[in-house]
Amino acid sequence: MRTQVAIIGGGPSGLLLSQLLNKAGIQTVVLERQSREHVLSRIRAGVLESGTVALLKQAGAGDRMDREGQPHHGCYLSSDQQMIRVDFQEACGQTVMVYGQTEVTRDLYEAQDALGATHIHGVENVVLHDLKTDSPYVTWDKDGASHRLECEFIAGCDGFHGVSRRSIPDDVRREYEKVYPFGWLGVLSETPPVREELIYANHPRGFALASMRNPMLSRYYIQVPLTDKVEDWSDDAFWAELKARLPADVAADLVTGPSIEKSIAPLRSFVSEPLRWGALFLCGDAAHIVPPTGAKGLNLAASDVHYLSQAFLAYYGTNDASGLDGYSQQALARIWKAMRFSWSVTTMMHRFPEHSDYDQQMQRVELDLLSADPTARALFAQNYTGVPL
Ligand code: FAD
Ligand code: DHB
């Protein structure tokens, strides 16, 4: 087989890149380890920046999002019983869209089907070859047979545990990592959201987040120790803990019900540099991970794809390679801003086992600033709704 751009990974990054390239007449083949059903069963992010919304529309995958997504004009940060509202429109003139990653992925798969794009699912033992030559290729196993795909470029969109990043030699790659001493236990339930807007809650018992997917589907998270297992948490125990961490008037309105999904995600900040090595370009979680507190993971994946797709369009359109040459530096500048924001909101909102009284005071002052100072709210809102591409 032969293509122009081989894409490893059929998550949001790989699908969006494939869609933008196919729309411009550039051939791609997407290689995905899991089945489509498996990819669509993963419940992950829920908040889209306006730049991500624009990109999905540009990709021809925005119609259902326009109909079913919920534009949000603000969010709450709670500090024990106090609720601080950040009005995004007042603070920075932007909004976000609440629309789940699962739905984004479904829309992208459907848009790809409509274009007749090539996806191969169930690939195993993917190996990237000859990345420093003009004729790179990818091999994999499927159904007991070996396969080979020749290409001009490879986009590594295969997430944190993928093979692409590790195909860059150790002496070229520089990794930066911070692992947080807790995880998030998430529950999806067919209940009305407790408030119309998201609530990020700082509480002595630990962080909590009240989010949503639609008027009858809620998504809630609580901070848990890394040693906790999903099986340790009955639905009743989860609801009791969530109520304890939300302000009392909010907790009183919480409608509970059976969980339809429950999972624990560890929190990590991670960047691998550079994003390009020869014919290989990394995008999304393959290159970087943010703790979910700032709702940046999926949005950063989308901004990488924006820069890389523009670079491929210039290369295949006018033989201009400057975008490909500049991709790593351009994307990393935005990635590090999102790293800072995600780290700072995580630090401001969680209980850290090692935190002293001094650290608690710092959290209090940060939240007081957001409550009292429009400039602090503007900075938060600019970062939350997304710094310009
Ligand atoms: P992924 O979604 O990881 O997709 C990579 C794809 O590559 C996967 O489909 C995988 O099966 C495939 N793959 C992996 N290895 C190979 C291989 N060797 N060969 C072929 N295919 C391969 N972000 C938020 O903003 N809010 C959240 O609440 C949130 N929750 C999250 C919860 C979890 C458990 C995780 C893991 C992430 C969460 N994120 C969240 C982050 C967000 O979901 C990611 O940033 C986003 O999925 C990145 O998209 P991606 O396409 O780059 O990577
Ligand atoms: C969701 C997840 C987040 O990490 C976040 O910051 C906001 C919303 C969610 O899954 O709805």
Side-chain angles (χ1 to χ4, degrees), residues 6-18 30-36 38-49 52 70 72 75 77 96-102 104-105 108-109 119-128 138-142 154-167 183-188 193 197-200 207 209-214 217-221 261 263-268 270 282-305 335 338 341-342 345-346 349 384:
I7 299 178
I8 318 298
S13 315
L15 294 173
L16 182 56
L17 180 65
S18 179
V30 175
L31 300 174
E32 166 59 50
R33 191 174 51 178
Q34 307 286 357
S35 66
R36 181 187 290 211
H38 183 276
V39 174
L40 289 173
S41 70
R42 296 191 292 226
I43 311 291
R44 290 182 175 178
V47 177
L48 307 182
E49 297 172 357
T52 307
Q70 303 173 57
H72 276 218
C75 75
L77 299 165
V96 294
M97 179 78 91
V98 169
Y99 191 65
Q101 176 168 335
T102 316
V104 170
T105 311
L108 284 168
Y109 268 123
H119 298 171
I120 303 174
H121 286 269
V123 300
E124 292 173 341
N125 304 322
V126 170
V127 183
L128 317 187
V138 185
T139 57
W140 69 93
D141 298 333
K142 182 175 167 161
I154 299 173
C157 301
D158 48 352
F160 183 66
H161 299 288
V163 292
S164 299
R165 182 179 69 254
R166 286 179 277 119
S167 305
W184 280 16
L185 169 64
V187 156
L188 192 68
E197 293 179 338
L198 275 71
I199 305 170
Y200 292 85
F207 171 79
L209 168 59
S211 182
M212 66 207 67
R213 293 291 178 272
N214 64 49
L217 194 57
S218 297
R219 180 71 166 160
Y220 296 106
Y221 298 92
E261 194 266 356
S263 51
I264 293 184
L267 268 67
R268 178 195 306 271
F270 173 84
L282 300 180
C283 267
D285 280 17
H288 44 78
I289 298 284
V290 283
T293 327
K296 290 285 147 244
L298 175 59
N299 292 298
L300 262 194
S303 64
D304 289 355
V305 167
I335 289 162
F341 179 68
S342 306
V345 186
T346 302
M349 298 305 288
Y384 189 85

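What you see is a predicted model; the values in this text were computed from it and never measured. Just so you know, ligand 1 is whichever comes first in the structure, and atom 1 is the first atom listed for that ligand.
- Side-chain atoms of Asp158 come within 3.5 Å of backbone N or O of Val163 as a donor-acceptor pair.
- The option with the heavy atom closest to atom 30 (N) of ligand 1, from among Arg44, Glu32, Gln101, is Arg44.
- Considering CD of Glu49 and OH of Tyr384, their distance stands at 9.5 Å, rounded to 0.5 Å.
- Closest heavy-atom contact between Pro12 and Leu108: O-CD1, 4.0 Å.
- Atoms of ligand 1 lying under 4.0 Å from at least one heavy atom of Lys296, given by number and element, are 25 (O).
- At a heavy-atom cutoff of 4.0 Å, ligand 1 is contacted by no atom of His38, backbone or side chain.
- Near Arg44, meaning under 4.0 Å from any of its heavy atoms, are these atoms of ligand 2: 10 (O).
- The closest protein non-hydrogen atom to atom 24 (C) of ligand 1 is Ala45 CB, 3.2 Å.
- For the residues Tyr200, Tyr384, Tyr220, the heavy atom positioned nearest atom 6 (O) of ligand 2 is part of Tyr200.
- The closest approach between a heavy atom of Leu209 and any atom of ligand 2 is below 4.0 Å.
- Atoms of ligand 2 found under 4.0 Å from any heavy atom of Arg219, numbered from 1 in the order shown, are 10 (O).
- With respect to atom 4 (O) of ligand 1, the closest heavy atom belonging to the protein is Gly11 CA, 3.6 Å.
- Scanning all heavy atoms of the two residues, the minimum distance from Ile289 to Arg268 falls at CG2-O, 3.4 Å.
- Contacts of Ala286 with ligand 1, taken as heavy-atom pairs under 4.0 Å, are absent altogether.
- At least one N or O atom of Arg213, backbone or side chain, sits closer than 3.5 Å to an N or O atom of ligand 2.
- Nearest heavy-atom pair, Gly10 versus Val39, reported as atom, atom and distance to 0.1 Å: O-CG1, 3.7 Å.
- Distance OG/Ser342 to CD1/Ile335: 11.5 Å, rounded to 0.5 Å.
- Leu198 places a side-chain heavy atom less than 4.5 Å from the side chain of Val98.
- Note that the CG atom of Leu298 and the OG1 atom of Thr105 stand 7.5 Å from one another [nearest 0.5 Å].
- Closest protein heavy atom to atom 34 (C) of ligand 1: Ala265 CB, 3.8 Å.
- Among Ala338, Pro12, Pro292, the residue whose heavy atom lies nearest to atom 49 (O) of ligand 1 is Pro12.
- Atom CZ in Arg42 sits 12.0 Å away from atom CD in Glu261 (nearest 0.5 Å).
- Nearest protein heavy-atom contact of atom 10 (O) of ligand 2 is Tyr221 OH, 2.6 Å.
- The heavy atom nearest to atom 18 (N) of ligand 1, out of those in Asp285, Asn299, Leu298, Val163, is found in Val163.
- Using cut-offs of 30° and 60° for the angle between ring planes, the Trp184 and Tyr221 rings count as tilted.
- Closest heavy-atom contact between Leu17 and Ala155: CD2-CB, 3.4 Å.
- Ranked by closest heavy atom to atom 15 (N) of ligand 1, the top entry among Asp158, Thr105, Val126, Val47 is Asp158.
- Using cut-offs of 30° and 60° for the angle between ring planes, the His121 and Tyr109 rings count as tilted.
- For ligand 2 and Val47, the ligand atoms under 4.0 Å from any heavy atom of the residue are 7 (C), 8 (C).
- Every atom of ligand 1 is numbered from 1 in the order shown, and the set under 4.0 Å from a heavy atom of Gly159 is 3 (O), 5 (C), 53 (O).
- If you look at Leu31 next to ligand 1, the close heavy atoms, those under 4.0 Å, all belong to the backbone.
- The OG atom of Ser211 sits 10.5 Å away from the CD1 atom of Ile199 when rounded to the nearest 0.5 Å.
- For ligand 2, the atoms lying closer than 4.0 Å to a non-hydrogen atom of Leu198 are 7 (C), 8 (C).
- Every atom of ligand 1 with a heavy atom of Gly284 under 4.0 Å away is listed here by number and element: 52 (O).
- In this structure, Leu31 CG and Ile8 CD1 are separated by 5.0 Å, a value rounded to the nearest 0.5 Å.
- Using a 4.0 Å heavy-atom cutoff, Lys296 is absent from the residues neighbouring ligand 2.
- Contacts of Tyr221 with ligand 1, taken as heavy-atom pairs under 4.0 Å, involve the side chain alone.
- Between Val30 and Gly9, the closest heavy-atom pair is CG1-O, 3.7 Å.
- Each of the following atoms of ligand 2 lies closer than 4.0 Å to a heavy atom of Pro292: 3 (C), 4 (O), 5 (C), 6 (O).
- The heavy atom nearest to atom 8 (C) of ligand 1, considering only Arg33, His161, Gln34, Arg42, is found in Arg42.
- Within the listing of ligand 1, atoms 15 (N) sit less than 4.0 angstrom from a heavy atom of Gly162.
- Remark: ligand 1 atoms within the under-4.0 Å shell around heavy atoms of Cys157 are 5 (C), 6 (C), 7 (O).
- Heavy-atom proximity to Thr293, at under 4.0 Å, picks out these atoms of ligand 2: 6 (O).
- When hydrogens are left out, the protein atom nearest atom 8 (C) of ligand 2 is Ser211 OG, 3.5 Å; that is the closest non-hydrogen contact.
- Of the protein's non-hydrogen atoms, Ser13 OG, 3.1 Å is the one closest to atom 50 (P) of ligand 1.
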